[in-house]
Amino acid sequence: MADTHSLEALVQALRKLPGVGVKSASRMAFHLLQHDRPGAMLLSQALQQAATNIRHCSLCHTFTENEVCATCLDPQRDHSKLCVVETPADQAAVERTSAYRGLYFVLMGKLSPLDGIGPNEIGLAKLFERATRGDVQEVILATNFTAEGEATAHVIGEALKARGLRVTRLARGVPAGSELEYVDLGTIAHAFVDRR
């Protein structure tokens, strides 16, 4: 199959997706080319359009097609609260709960010195500028409960407290509907510490 350069390029491009290895990428490529050429063209056009049009909001750093995203422009949002998340996917998850009506700042990552990701790579200076403009009264740290997420929350929290802001962290504990005997010990321990 010496004349399948385009197919190999497609497989390699699909491997760029998280969790997609050679076999999965090959299956996707063969499916699109064999059974769904219109779908392949639609996917191609959607990727091209998104890559061309999507950029970062100048205020919160999430994805948008405009200079400022719709959330930041919404006058119904509570401008006294700023929720810090790692990714736009995390922001979308918080939004789906309908429990939070404040503003966001999306880090686009987390501190990870071993991977060479420091404060400059995740835009902490921009976060500190946004949080200290005067209207924000509480910063809610909603980074993930991983080692890197915890370190990121700690660094941000300490820096914002030093600037006189109220900083809170998402609670963690036993999920609703679960049975204690099946919950891991770390989660139970955190639930006792964070009890109310």
Side-chain angles (χ1 to χ4, degrees), residues 15-21 54-64 69-72 77-133 135-180 182-196:
R15 287 190 61 204
K16 302 278 185 198
L17 295 170
V20 176
I54 301 293
R55 58 185 174 171
H56 294 286
C57 172
S58 63
L59 295 177
C60 74
H61 212 229
T62 195
F63 291 138
T64 183
C69 73
T71 302
C72 289
R77 305 296 293 211
D78 182 351
H79 288 248
S80 70
K81 292 181 174 39
L82 185 68
C83 181
V84 178
V85 294
E86 291 180 19
T87 67
D90 295 337
Q91 178 187 1
V94 173
E95 279 294 290
R96 282 193 302 273
T97 69
S98 298
Y100 177 72
R101 294 295 302 156
L103 298 176
Y104 294 92
F105 188 87
V106 182
L107 296 169
M108 292 295 176
K110 57 192 171 274
L111 294 175
S112 181
L114 294 176
D115 297 322
I117 301 172
N120 293 333
E121 286 73 30
I122 61 172
L124 289 191
K126 190 172 181 179
L127 166 61
F128 298 150
E129 176 190 327
R130 173 94 190 268
T132 57
R133 279 193 196 150
D135 51 345
V136 174
Q137 295 174 10
E138 178 186 5
V139 177
I140 303 161
L141 301 176
T143 56
N144 292 314
F145 290 103
T146 61
E148 293 92 352
E150 291 284 4
T152 303
H154 177 75
V155 168
I156 293 170
E158 292 302 310
L160 292 175
K161 286 176 190 173
R163 289 168 169 82
L165 285 166
R166 178 175 182 240
V167 179
T168 58
R169 180 82 165 109
L170 282 187
R172 55 187 163 184
V174 179
S178 62
E179 297 179 29
L180 283 180
Y182 301 114
V183 176
D184 67 279
L185 299 179
T187 300
I188 294 172
H190 284 298
F192 271 101
V193 171
D194 295 339
R195 71 186 183 278
R196 53 185 166 113

Measuring only between side-chain heavy atoms, which start at C-beta, is [X] closer than 4.5 Å to [Y]?
{"X": "Met108", "Y": "Pro88", "result": "yes"}
{"X": "Leu59", "Y": "Arg130", "result": "yes"}
{"X": "Leu124", "Y": "Leu107", "result": "yes"}
{"X": "Val139", "Y": "Phe105", "result": "no"}

Working to the nearest 0.5 Å, report the span between [atom1] of [X] and [atom2] of [Y].
{"X": "Asp135", "Y": "His79", "atom1": "CG", "atom2": "NE2", "value": "7.5 Å"}
{"X": "Leu82", "Y": "Ile140", "atom1": "CG", "atom2": "CD1", "value": "8.0 Å"}
{"X": "Thr62", "Y": "Leu103", "atom1": "OG1", "atom2": "CG", "value": "12.0 Å"}

Subject >> Partner of Ser112 by side chain to side chain contact (heavy atoms under 4.5 Å, CB included), out of Thr146, Ile117, Ile122, Thr152 >> reply: Ile117
How close do [X] and [Y] get, counting heavy atoms only, and between which atoms?
{"X": "Gly102", "Y": "Thr71", "answer": "O-CG2, 4.5 Å"}
{"X": "Ala151", "Y": "Leu111", "answer": "O-CD1, 4.4 Å"}
{"X": "Thr64", "Y": "Cys69", "answer": "OG1-CA, 3.6 Å"}

Subject >> Candidates Gln91, His61, Glu95 - the one meeting side chain to side chain donor-acceptor pair (under 3.5 Å) with Tyr104 >> reply: Glu95
Distance-only donor-acceptor pairs under 3.5 Å for side chains of residues 153-166, two or more places apart:
{"residue": "Arg163", "atom": "NH1", "partner": "Ala159", "partner atom": "O", "Å": "3.0"}
{"residue": "Arg166", "atom": "NH1", "partner": "Glu138", "partner atom": "OE1", "Å": "3.2"}

Subject >> Results of salt bridge (charged side-chain N to carboxylate O under 4.0 Å, His left out) for Arg169 - residues two or more places apart only >> reply: Glu150
Subject >> Donor-acceptor contact present, side-chain Lys110 to main-chain Ala147, <3.5 Å >> reply: no
Original post:
Counting N and O atoms only, with roles assigned by atom type, does the side chain of Arg77 sit under 3.5 Å from a partner on the main chain of Arg101, one being a donor and the other an acceptor?
Top reply: yes
